[in-house]
Amino acid sequence: MGAAQLVAWFLAFAAAAGVVSAAGARPSEVAVGALFTYDSTIGHAARLAIELAVDDVNADGTVLSGTKLSLKSRDTNCSAFIGTVEALQLMEENVVAVIGPQSSGIGHVISHVANELHIPLLSFAATDPTLSALEYPYFLRTTISDYFQMNAVASIVDYYQWKRVTAIYVDDDYGRGGVSALGDALASKRAMISYKAAIPPNSNSDVISDILFTANMMESRVMVVHVNPDTGMRIFSAANELRMMATGYVWIVTDWLAAVLDSSASRDLKDMSHIRGLIVLRQHTPESDVKNEFISKWNTVAHNRSITSGLNSYSFYAYDSVWTVARAIDQFLNSGQQINFSTDPKLHDSNGSTLRLSTLKIFDGGEQMLQQLLLTNFTGVTGPVQFGSDGHLVRPAYDILNVGGSGYRLIGYWSNHSGLSVAAPEILYQKPPNTSAQQLYNVLWPGDSTTTPKGWVFRNNGKALRVGVPNKASFKDLVSSRGPGNVTGYCIDVFNAAIKLLPYPTPVQFVTIGDGTKNPSYIGIVQMVAANILDAAVGDFAIVRNGTAISEYTQPYVEAGLVIVAPVKQINPSAWAFLKPFTLEMWCVTGALFILVGIVVWLLEHRINEEFRGSPRQQVITIFWFSFSTMFTSHRENVLSTLGRFVLIIWLFVVLIINSSYTASLTSILTVQQLDTGITGLDSLISSSLPIGYQNGKFTKKYLIQELNIPVSRLVALNTIQEYADALNRGPKYGGVAAIVDEKPYIDIFLSYYCNFRIVGQQFTREGWGFAFQRDSPLAADMSTAILQLSESGQLQRIHDEWLGVGSFSGLFLMCALTCIFALVVFFIRICWQYNQYSSSEAASEPSAPDADAIQRRPSGRSFKELLQFVDKKEEEIRMKMKRRSSDKDNQAAGSSDALSVTSAY
């Protein structure tokens with residue numbers, strides 16, 4: 001081939017190549033933007049990571065072969081305004097994607113610009129969950145969203161069974177979005193944010209201290225801190241001064257603190273005492289050769305450039321973000337797409353504006369580039385880099401760290417796959433999901449405590465617990481009001497006893513609800529608790545479904561259930577009808593008092609009354625005969641002592657009342673004609689058309705209508721015990737009711753006053769009475785524990801017996817018992833005085849020498865025996881002996897005087 005031919009062939013080849021280049025040649029350079037704050041904890045590490053990633057991409061021949069990746073960086077300077085301006089200037093340079101922004105606030109603003117110009121944003125640090133909305137299709141998060149981080153926090157809160165937290169956050173898009181996600185995550189665990197402490201951006205230490213002081217007045221001791229890394233450490237300094245880093249507090253800190261700890265030089269953290277015991281989250285990146293190689297390269301370059309800040313997890317995501325863009329551009333170009341920009345007709349300068357909006361161009365291939373980004377699938381330094389259908393990175397996971405005195409240690413992991421665990425997430429992802437076996441290693445808590453904090457205290461704001469109490473028109477034994485704040489009753493005593501068992505002081509302010517003339521709405525009081533008008537509701541509150549939906553109830557302190565009370569047909573009395581007027585308890589107490597009175601009278605009489613003396617057998621028979629014969633006033637023994645007569649008078653009065661009550665009750669059982677309404681149980685109640693009474697204000701009405709389908713026209717509201725009796729006595733024919741449906745404790749009290757009614761059928765619901773607190777209130781659980789302690793110790797039953805026990809006879813029995821005790825005390829004082837006189841007169845007599853030796857040898861045990869013998873002797877006999885000893889003494893004195901006179905005469 002000649003030279004001319006070679007030249008012609010070369011020119012033809014060059015022309016052909018030119019045609020191909022014009023049709024689809026790869027560009028020699030592609031511009032990519034980067035938008036972050038250079039002088040920040042995250043920015044320091046991310047800047048070097050992005051630069052290293054660009055160098056690695058350009059050095060790798062398998063990605064963007066023949067095309068150089070050009071980086072255009074802009075400093076947002078921690079300002080939303082400056083960041084927005086820098087973002088607009090960056091997009092003037094025809095970038096096909098932007099690595100950033102770092103700030104969530106800037107992300108919200110420039111996402112609208114990205115939507116208009118079709119330029120994808122890949123943020124490695126903007127974690128606000130609201131940026132994932134469909135409103136921002138061109139915003140891709142190449143780090144883990146705070147949605148997952150807040151679910152990790154909620155899992156920790158649930159693991160330690162805390163129910164309320166205080167959220168301390170910076171009041172910007174990043175902070176508000178994170179706290180909103182935290183509230184949703186806690187709600188799924190039946191927990192809540194009880195107080196939100198919002199810190200204005202760029203606040204000084206005084207402002208932070210004031211906000212923390214207010215937060216410290218609240219009841220929650222679980223603090224979740226979600227702020228910016230560059231100002232967040234001041235929070236712990238202020239908290240330490242307020243003694244909020246002591247035992248009993250819990251501090252859970254989001255990943256910003258891990259970035260600070262990892263980025264700070266060791267000399268900067270030589271004193272970590274003010275942050276000891278914190279739980280800190282950090283994005284989990286699995287160990288790999290790729291990661292170790294990047295860390296080694298980063299450390300080498302940082303050392304050569306004298307960079308003092310360290311590497312943090314955001315650096316890994318910044319590095320992978322560059323590779324994500326590079327791979328997407330490579331796929332974009334390989335598919336034959338061209339990088340072209342066109343003018344946006346909606347952007348133009350008018351009226352002499354100098355903003356140069358017309359320089360902003362639309363990336364024509366932006367939508368295709370976005371699709372290539374969403375299809376990303378490779379393994380980077382952070383592990384698998386792939387977007388799910390929701391736009392989030394797959395396999396989100398966190399390390400859970402515990403800060404100690406000179407560093408931190410790993411206590412577990414959280415992943416969206418298996419929750420809390422001590423096994424690495426990449427291992428668990430190879431197994432089926434299992435969130436039932438949650439586990440963390442032991443934690444060193446603030447104050448160097450190893451005991452899990454309770455998580456809350458009674459609020460320290462000087463306010464007492466606002467406790468609503470129904471001011472009822474009836475059943476005053478259960479709860480009654482004697483004025484503002486002055487409430488009494490069985491329910492109140494149980495509540496006060498339980499409050500005293502709490503391990504912390506709990507001041508209480510009772511607030512009466514209702515005017516006392518009719519019963520207030522019980523569900524209305526519970527709704528006041530749910531609406532934070534009251535802190536608790538105390539009284540005869542049934543634990544029912546519509547109440548538990550809006551409030552938290554304690555353990556039941558009394559069993560309750562609906563029963564039917566009605567007049568029933570008269571039946572022929574049984575052979576044992578004479579026992580029915582009194583309960584077994586009443587019979588036992590009455591019998592015991594009969595025997596007690598017999599013994600007391602015998603003690604008072606047997607020393608002075610021959611009728612109460614005799615052999616032991618005769619005296620025992622006398623005791624029983626005398627005591628029981630007083631029932632019919634047929635005792636034949638005369639009572640001589642004043643104390644005995646006093647006891648007998650009181651006892652005869654008690655016997656009169658008992659006889660009268662027994663006679664009236666037995667007569668009612670045998671002779672009263674009871675109304676016949678045909679109501680024998682629940683089925684006959686429902687099938688009939690007769691009116692039914694219910695207690696006003698209680699849940700009974702709603703239950704009868706909704707559960708039993710009883711027309712409201714059949715229901716009659718009643719308030720007092722007297723109204724119950726009147727309505728039943730009148731019956732349906734005379735404007736009354738055929739039956740009353742109410743809870744069993746009320747009916748038991750009602751039947752203790754009126755014995756001509758009976759419970760018919762069986763109890764047809766099962767519930768109990770409890771105290772109502774606000775949803776997820778820690779007080780509810782503590783009060784339940786206290787109620788169980790009252791039940792196990794027997795105090796709950798004693799309170800029940802005190803209010804709802806023996807009843808109307810308790811006063812009589814108490815009076816009789818006190819009379820007996822008083823008489824016995826006087827009797828024994830008199831006996832002791834007489835025995836002392838008797839012993840003195842015996843000692844005054846001069847025994848002979850042998851007798852004196854015998855007295856000295858007398859066993860000490862005989863003195864008690866002699867006292868018993870003295871008590872058994874007749875009082876008249878004792879007086880005669882004492883008189884005789886006195887005469888003998890006088891005679892001895894006279895004889896001695898005569899002997900002395902004779903001796904003197906000699």
Side-chain angles (χ1 to χ4, degrees), residues 35-50 75-80 83 100-107 123-128 141-146 149-150 152-153 167-179 182 197-205 208 211-212 223-240 251-269 272 274-275 278-285 307-318 398-401 403 407-408:
L35 196 64
F36 56 93
T37 299
Y38 293 172
D39 188 17
S40 66
T41 299
I42 296 175
H44 285 152
R47 185 174 187 179
L48 180 55
I50 292 173
D75 184 6
T76 59
N77 200 25
C78 288
S79 169
Q102 173 183 327
S103 165
S104 296
I106 298 175
S123 178
F124 59 89
T127 56
D128 177 11
R141 196 191 322 268
T142 53
T143 187
I144 306 176
S145 169
D146 279 340
Q149 180 167 214
M150 295 310 170
V153 172
I168 302 172
Y169 63 100
V170 61
D171 193 11
D172 60 9
D173 291 321
Y174 158 76
R176 289 189 297 268
V179 169
L182 175 62
I199 300 176
N202 304 318
S203 297
N204 57 36
S205 298
I208 294 174
I211 293 172
L212 291 182
M223 311 291 177
V224 178
V225 184
H226 186 59
V227 295
N228 294 316
D230 299 291
T231 58
M233 293 301 290
R234 285 185 292 175
I235 291 177
F236 302 118
S237 298
N240 192 51
W251 292 84
I252 303 175
V253 189
T254 53
D255 55 23
W256 67 267
L257 181 56
V260 173
L261 297 179
D262 290 338
S263 300
S264 300
S266 59
R267 63 177 180 274
D268 297 331
L269 294 176
M272 298 179 64
H274 64 293
I275 58 172
L278 272 61
I279 293 179
V280 183
L281 277 74
R282 178 179 64 188
Q283 298 99 328
H284 174 72
T285 54
I307 297 176
T308 57
S309 62
L311 186 64
N312 58 55
S313 58
Y314 286 102
S315 307
F316 299 139
Y317 288 101
Y398 284 88
D399 299 333
I400 302 176
L401 312 175
V403 180
Y408 55 77

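Hydrogens, waters and symmetry mates are skipped; everything else that's a heavy atom, side chains included, is used.
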Do I42 and P229 come within less than 4.5 Å of each other through their side chains, counting heavy atoms only?
yes
Could you check whether atom CG of N204 has more than 12 heavy atoms from other residues, nucleotides or ligands sitting under 6.0 Å from it?
yes
One should read off an interatomic distance between L212 CG and N240 CG, to the nearest 0.5 angstrom, of 11.5 Å
Donor-acceptor contact present, side-chain D146 to main-chain Q149, <3.5 Å:
no
Do you know the tightest heavy-atom contact between T143 and F124?
CB-O, 3.3 Å
Rounded to the nearest 0.5 Å, the CG atom of L257 sits from the CD1 atom of I252 at a distance of 13.0 Å
Identify the two heavy atoms, one from Y38 and one from H44, that lie closest to each other, and give their separation to 0.1 Å.
O-CD2, 3.1 Å
Can you tell me how far the CG atom of D255 sits from the CG atom of L261, to the nearest 0.5 Å?
11.5 Å
R47 to F36, cation-pi by 6.0 Å centre distance and 45° axis angle:
no
Got V253 and M223 here, is their nearest side-chain heavy-atom distance under 4.5 Å?
no
List the steps, then state whether side-chain contact (heavy atoms from CB on, under 4.5 Å) holds for V260 with M233.
CA-CA 9 Å; V260 173; M233 293 301 290; 4.2 Å; yes
Euclidean distance, I208 CD1 relative to R234 CZ, rounded to 0.5 Å:
4.5 Å
Side-chain contact, heavy-atom cut-off 4.5 Å: W251 with V403?
no
Taking every heavy atom of T37 against every heavy atom of D75, the minimum-distance pair comes out as CA-OD1, 3.4 Å
Looking at every heavy atom in both S263 and N312, which two are closest together, and how far apart are they?
OG-ND2, 2.6 Å
With a 3.5 Å distance limit and no angle check, can you tell me whether N77 reaches the backbone of S79 through a side-chain donor-acceptor pair?
no
Do V225 and W256 pass the side-chain contact (heavy atoms from CB on, under 4.5 Å) test, and can you show the C-alpha distance, the side-chain angles, and the key distance before you say yes or no?
CA-CA 9 Å; V225 184; W256 67 267; 3.8 Å; yes
Less than 4.5 Å apart, side chain to side chain, heavy atoms only: is that true for Y398 and T254?
no
Indicate yes or no: at least one non-hydrogen side-chain atom of R282 is less than 4.5 angstrom from one of D262.
yes
Show your working on side-chain contact (heavy atoms from CB on, under 4.5 Å) between D172 and N228 and close with a plain yes or no.
CA-CA 10 Å; D172 60 9; N228 294 316; 3.9 Å; yes
Judged by atom type as modelled, is there a donor-acceptor pair below 3.5 Å linking the side chain of S123 to the main-chain atoms of Q102?
no
Suppose we screen for ring-ring contact (aromatic ring centres under 6.0 Å, His included). Which residues come up paired with Y314, at least two apart in sequence or across chains?
none
Locate the shortest heavy-atom distance separating A198 from I211; write the atom from each residue and the value.
O-CD1, 3.3 Å
Using modelled atom types and a 3.5 Å cut-off, is there a donor and acceptor pairing between side-chain atoms of Y174 and backbone atoms of V227?
yes
Locate the shortest heavy-atom distance separating L281 from A258; write the atom from each residue and the value.
O-CB, 3.5 Å
Side-chain heavy atoms of Y169 within contact of V224, under 4.5 Å:
no
For a 4.5 angstrom cut-off between non-hydrogen side-chain atoms, does I235 reach I199?
yes
Any sub-3.5 Å donor-acceptor pair from R176's side-chain atoms to D128's backbone N or O?
no
Flag the pair I275 / V280 as yes when at least one side-chain heavy-atom distance between them is below 4.5 Å, and no otherwise.
no
Measuring from atom SG of C78 to atom CG of D39, what distance do you get when rounded to the nearest 0.5 angstrom?
7.5 Å
